[in-house]
Protein chains: 2
Amino acid sequence: MNVDLEDFQANRRQVSVASDQSDEIGPRLHHLRKGRGWTLQDASKASGISASAFSKIERGELSPTISTIQRIARGFDMDVVSLLSDPDAQPTLLGRRSVTRASEGKPHLSGNCDNKLLCAELKNKRMTPIKTRVVARDVEEYDVWPKTDAEIFMTILSGTVVVHSKIYEPLELHEGDSMYYDASAEHVWTRKGPEEAVVLWVLTS
Amino acid sequence: MNVDLEDFQANRRQVSVASDQSDEIGPRLHHLRKGRGWTLQDASKASGISASAFSKIERGELSPTISTIQRIARGFDMDVVSLLSDPDAQPTLLGRRSVTRASEGKPHLSGNCDNKLLCAELKNKRMTPIKTRVVARDVEEYDVWPKTDAEIFMTILSGTVVVHSKIYEPLELHEGDSMYYDASAEHVWTRKGPEEAVVLWVLTS
DNA sequence: ACAAAAAATTTCCTATAGTATATTTTTTGT
DNA sequence: ACAAAAAATATACTATAGGAAATTTTTTGT
């Protein structure tokens, strides 16, 4: 496990160095073509794109359509994604207890939300999991906007929630969406749409 | 009308010959937009691409250029590669905040589970949220039983999961159930029953 | 260094991507 | 069930992608 992780990291370092920049296909294509010792006509023959177009694309004089990119990828025998991505990326990470059943949870009313603390009987936890039914429909319904130095992970179990913050634009989240943020800036949640909105969230303690 | 349509299709057929790929961005974009509850005008405003063009792209009537795709990706707060690589499309990060949409998450295969790291591009988090499809049906399928000094909070999004540990009896958890435990004792998960089992879990880092 | 050949770029053209607006279709409220 | 509003699609146009061939630049052999 440790070994794997280190291998991976070493690998990553070396890969990302070799493949330079981010989102300019032109230089990448040029590099790729030259790397294979291909002329523009070779590339043209392989991809079905004219040499002139290829030249323009490489020099950024022309923004290829996705179908052209697909044909080029084909010609280079690679998939579109690896053609466009600098192959670094890919993050890593890869193992007393308390159970709360679906219908349970310690109720904890607060302001405009109906909270249930999960696994509350376990003390000295490093995280606090909470399930909340968001009631407020408008930010006006909040008197205070909470603010702590904790970090929050939240995921939407049902409905639509809008996250409001002093430093970001309002952000709409739907069922299955997740968000991670630090709560040092004031923030509140409102719900939206017909269904009830339920959020499962965990905060560091 | 019929004439136009046929004209168009004939036209397109000849153009797309080699290109029309298994990877269609159209439906993907449509799904993405709908997933956020956006109208075409919302998408247009966010990306700077006209609603009509967006509509055509979604329906495959038009092959967008890479620069258009880049603008769309921007509007959706994701990078181009994720937008094109679909099921594991990857999200948004603006400062100390990170969003993972329902269909997204960085894939990370490990042993007997199919993991998706949520909000992975945010570094130095105090918690690591992960969504896992539990594949193993029997503890025999595990070679090693992981063990760390982290704490784990888990909740069952669907299916039935059995938690095995060296120090407790196996414990069955169903959809909506939650559990908090420290992972200093070896433990593994197996699934049970016909449905696929999906666990959302968070570990301290 | 020069001519010939090969590769890259430019030109000029056609096909299609993308825009603004009109129209149709779907949703919403009564 | 209907009218009004909102969303999606079609139309007509402009801007630009992409192709064939001409031109320029670079390479190669002598």
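Chain naming here is simple, since letters A, B, ... match the order of the sequence lines and numbering starts at 1 in each.
As judged by a 4.0 angstrom heavy-atom cut-off over every strand, A:Ala53 is placed among residues touching the sugar-phosphate backbone only. Heavy atoms of A:Glu58 sit nowhere under 4.0 angstrom from any nucleic acid atom. Here A:Thr65 lies in heavy-atom contact (under 4.0 Å) with sugar-phosphate atoms only.
Put simply, the side chain of B:Lys56 and the base of C:dT16 share no donor and acceptor less than 3.5 Å apart.
Across D:dG18, C:dG18, D:dT9, the shortest atom-to-atom separation from the side chain of B:Ser55 is found for D:dT9. The side chain of A:Ser52 has D:dA21 as its nearest neighbour among D:dA8, D:dA21, D:dG18. Side-chain atoms of A:Arg59 lie closest to C:dT10 of the nucleotides C:dG18, D:dG18, C:dT10. If you check D:dA8, C:dA7, C:dG18 against the side chain of B:Arg71, the one that comes closest is C:dG18.
Look at B:Arg33 and you won't find any side-chain N or O under 4.0 angstrom from OP1 or OP2 of D:dA7.
What separates CG of B:Leu62 from P of C:dG18 is a distance of 5 Å, to the nearest Å. The separation between A:Glu61 atom CD and D:dG18 atom P is 13 Å, rounded to whole Å. Residue A:Leu40 contributes atom CG, which lies 13 Å from atom C1' of D:dT26 at whole-angstrom precision. Put simply, CZ on B:Phe54 is 15 Å from C1' on C:dT19, counting in whole angstrom units. A straight line from CD1 of A:Ile66 to C1' of D:dG18 spans 16 Å, rounded to a whole angstrom.
Pair assignment for C:dT25 gives D:dA6, based on Watson-Crick or G-U wobble hydrogen-bonding distances that are each under 3.5 Å.
Donor-acceptor pairing under 3.5 Å is lacking for the side chains of A:Thr155 and A:Trp201.
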Discussion item. Before you tell me yes or no, could you show the steps for B:Thr128 and B:Thr204 under side chain to side chain contact (heavy atoms under 4.5 Å, CB included), namely the whole-Å CA-CA distance, both residues' side-chain angles and the distance that decides it to 0.1 Å?
Written reply: CA-CA 6 Å; B:Thr128 303; B:Thr204 56; over 6 Å; no
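For B:Glu172 and B:Lys192, the salt-bridge test passes: some basic side-chain N is under 4.0 Å from an acidic carboxylate O.
Closest non-hydrogen pair, A:Val202 versus B:Met127, comes out as O-CE, 3.4 Å.
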